[in-house]
Amino acid sequence: MTPPHGLFLVATLSAEPVGCGALRLHPGEPAEIKRVWVSESVRGLGVGRRIMGELERHAAAAGADSVRLDTNRTLTEAIRLYRTSGYQEIPAYNDNPYARHGFAKPLVHSATPRR
């Protein structure tokens with residue numbers, strides 16, 4: 001999960017980590033979002049949505065047409081975040097024994113601004 005094959009983001013508040021997320025880039029395949037986490041102390045403040053947006057932005061900049069992720073059924077807040085962020089449920093795409101839900105979202109590539 002290091003460039004150029006991906007990245008790992010950490011969100012901080014007053015120099016303390018309060019969230020994170022990772023991106024794996026697979027040439028010719030959808031990018032994959034992994035390990036999104038937000039501290040209970042800041043849930044509801046949009047940290048998770050900002051992390052997801054940054055990961056999606058990086059995936060699009062790297063040329064990915066879509067992103068996908070998997071999650072456990074007990075992570076109801078995460079599932080709600082993914083659904084309200086435009087992710088659609090998809091069949092399992094890996095052999096993760098803890099994943100009960102797969103999600104995917106097409107990415108919008110912004111055009112380079114004209115000068």
Side-chain angles (χ1 to χ4, degrees):
M1 292 187 210
T2 57
H5 306 289
L7 67 116
F8 189 78
L9 299 177
V10 177
T12 60
L13 178 64
S14 300
E16 293 295 319
V18 294
C20 65
L23 179 69
R24 284 187 183 162
L25 298 170
H26 307 284
E29 295 182 30
E32 185 177 19
I33 292 177
K34 302 294 289 179
R35 308 294 181 253
V36 174
W37 168 81
V38 175
S39 170
E40 287 184 35
S41 66
V42 297
R43 288 188 186 156
L45 299 179
V47 174
R49 197 166 303 279
R50 289 181 69 188
I51 291 169
M52 294 295 292
E54 274 300 298
L55 294 171
E56 291 168 8
R57 187 179 71 73
H58 282 278
D65 290 327
S66 64
V67 289
R68 61 185 174 187
L69 57 89
D70 61 26
T71 192
N72 189 284
R73 69 175 160 246
T74 62
L75 301 175
T76 57
E77 291 167 324
I79 292 169
R80 184 171 40 255
L81 170 65
Y82 305 144
R83 287 181 173 150
T84 61
S85 296
Y87 285 78
Q88 300 295 316
E89 200 148 351
I90 61 170
Y93 63 90
N94 61 29
D95 59 358
N96 180 347
Y98 302 105
R100 297 293 184 254
H101 296 276
F103 290 93
K105 178 180 180 179
L107 295 173
V108 176
H109 294 270
S110 60
T112 304
R114 291 185 174 174
R115 294 181 186 235

Side chains of residues 41-55: which donor-acceptor partners sit under 3.5 Å, not counting sequence neighbours?
from, atom 1, to, atom 2, distance (Å)
S41, OG, S39, OG, 2.9
R43, NE, V38, O, 2.7
R43, NH1, E77, OE1, 3.2
R43, NH2, V38, O, 2.7
R49, NH1, S85, OG, 2.8
R49, NH2, T84, OG1, 3.0
E54, OE1, R57, NH2, 3.0
E54, OE2, R57, NE, 3.2

Set of residues satisfying side-chain hydrogen bond (donor to acceptor under 3.5 Å, both in side chains) with respect to T74, sequence neighbours excluded
N72
Is there a side-chain contact between Y87 and T71 (heavy atoms, below 4.5 Å)?
no
Please round to the nearest 0.5 Å and tell me the distance separating atom CG of L75 and atom OH of Y82.
7.5 Å
Residues clustered with V10, ILVMFWY side-chain links under 4.5 angstrom:
F8
Do you know which of K34, R24, R100 makes salt bridge (charged side-chain N to carboxylate O under 4.0 Å, His left out) with D70?
K34
Any chain of hydrophobic side-chain contacts (each under 4.5 Å) joining V18 to L9?
yes
For A61, which residues count as a side-chain contact (heavy atoms from CB on, under 4.5 Å) partner, sequence neighbours excluded?
none
Residue list, side-chain contact (heavy atoms from CB on, under 4.5 Å) with D95, at least two apart or on another chain:
none
Could you measure the distance from the CD atom of E56 to the OG atom of S66? Nearest 0.5 Å is fine.
11.0 Å
Going by side-chain contact (heavy atoms from CB on, under 4.5 Å), I90 matches just one of R68, H101, K105. Which one?
R68
Rounded at 0.5 Å granularity, tell me how far CG in D65 sits from CG in L107.
7.5 Å
Tell me every residue that passes side-chain contact (heavy atoms from CB on, under 4.5 Å) with A31, counting only those two or more places apart in sequence or in another chain.
L23, L25, A59, A64, V67
Here the gap from H26 atom NE2 to H5 atom NE2, rounded to the nearest 0.5 Å, amounts to 11.5 Å
Between CZ of R73 and CD1 of I79, what distance do you get to the nearest 0.5 Å?
9.5 Å
E89 CD: over 12 foreign heavy atoms closer than 6.0 Å:
yes
